[in-house]
Amino acid sequence: MRPTPTRSRSRRALLCAALLALTVQTAAAPALASRPGRPGGSDCVRTERPLDGKARRILDITRKAKSDLKLKSVQLRVTVDGHEVVTDALGESMTGVPAEPDMHFRAGSVAFAHIATVLLQLVEEGRVGLDDTVERWLPHLPKADRITLRMLADNTTGLHDYVTDPAFLAELVPHPFRQWTPAELLAYPLKHSFWYEPGTSWSYSHANYLLLVAALEKITGTRIDRLVRERVTGPLGMRNTRNGFTPDIPGPVLHAFTSDRGFYEESTFWNPSWTTAPGAVITTHICDLATSARAVGSGELLSHRSYRTLLNPGTVGLGGGTARCPASICLKQTEAKHFGLGVIVVNGWVLQNPSFSGYAAIQAYLPSKRLALAVSATKTPTTPEGNMAEVVARRIAAALAPNDPLAIT
């Protein structure tokens, strides 16, 4: 049975609904990289036993969440100041195959945080200005003389989002293995008038990062996967985070399953080419995701000024429904909950939360406590809709930082 368009829209809208979609005191365990890996050479392994009290508490919370939410698997890693508190994996990748911490999964919009970091580095170097308009790099884009690099990166162009377009969904849902090109994807938002004049409001659109990647590649003459590897994942030692130009996932693989099409099926190798630009379709494992959470959330690769821009590039105060753009699209951006450049800021947490094709994950960092959370989750037939990795992370955050709720939705 195929889902109705309404059901498909509600499920796929989860992809872009990310916004709105105690002081930690511990004698931390040694950093994971200082321990020997499991057979096969991986250094992303379960925390050595016996666990201390904090690690046991986090695992107890995670086990209960896995049961409550009827999840197939949960991977998690929690660090403070970059030092491991606990790393583990619960449940199964496939029937009879236990989930392991070093299994790779799709990380979707985590790439946006890395791309935004690259953009800010180029601004620091004087290669471009954040408020440069994009007509020299994207001459065929409507309103290119009014759209800036900042607007592409912080979702203030006014472009529609193809991911929630019924016409796009009608093609995507029955053809999950289709290879999409940026031109095919951009054709959907460009059929519509803009929600608002560029820079005057806020609305999420995957089209913005397709265009930003195209601009960055023209600015630098370098493919985006190489740019990100040279400037972000390489310097951070994230050897297990990489782009894929095909639906393949490097082994070991965490398998995914979904009921998005009205019946429970494996979705591990569905083609993710529709999610963002070629060269930015990433996979990772939970240890690299925790590294990303800490590095992006702390601004490790940026100047202090650029880090402040990452957290609020001018979005706070924008959004809110109008006659042309409903409040469900032009979401109100507040100090407590808003989009930055490639990140979401929620009550002081800096995060990204990809969810699509049966994979769900979250990277979140609380600068005030130097606390990083990384969680991924996969589904059984009875798992509730939504990003359940967020729910697991929210429960862990409530125990470790009760005064800083990770209340994304």
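All residue numbers refer to positions in the sequence shown, counting from 1. Just so it is clear, the model here is predicted, and its values are computed rather than measured.
Rounded to the nearest 0.5 Å, atoms CG (Leu59) and OG1 (Thr47) are 7.5 Å apart. Between the SG atom of Cys287 and the CD atom of Glu84 there is a distance of 7.5 Å, given to the nearest 0.5 Å.
Every pair tested for disulfide bond (SG atoms under 2.5 Å apart) that includes a residue from residues 112-200 fails, sequence neighbours excluded, so the list is empty.
Classification of the Tyr204-Phe339 ring pair by plane angle, with boundaries at 30° and 60°, yields tilted. Using a 30° and 60° split on the angle between ring planes, Tyr188 and Phe168 fall in the perpendicular class, above 60°.
The side-chain hydrogen bond (donor to acceptor under 3.5 Å, both in side chains) with His206 is formed by just one residue from the set Asn155, Thr276, Thr164, Asp161; it is Asp161. Of the candidates Gln121, Glu124, Arg308, Glu124 is the only one forming a side-chain hydrogen bond (donor to acceptor under 3.5 Å, both in side chains) with Ser303. Partner of Trp180 under the side chain to side chain contact (heavy atoms under 4.5 Å, CB included) criterion, chosen from Leu185, Asn271, Thr275: Leu185.
Aromatic ring centres of Tyr365 and Trp349 lie farther apart than the 6.0 Å criterion allows. Checked against the 6.0 Å centroid criterion, the rings of Trp270 and Tyr359 do not qualify as a close aromatic pair.
The backbone N or O of Gly91 lies less than 3.5 Å from no partner atom in the side chain of Lys66, so there is not a single donor-acceptor pair. Judged by distance alone, the side chain of Arg395 and the main-chain N or O of Ile61 form no donor-acceptor pair under 3.5 Å.
Every residue meeting the side chain to side chain contact (heavy atoms under 4.5 Å, CB included) condition with His160, not counting sequence neighbours, appears here in chain and number order: Pro189, His192, Trp195.
Of all the heavy atoms in Ala393 and Val375, the pair that sits closest is CB-CG2, 4.1 Å.
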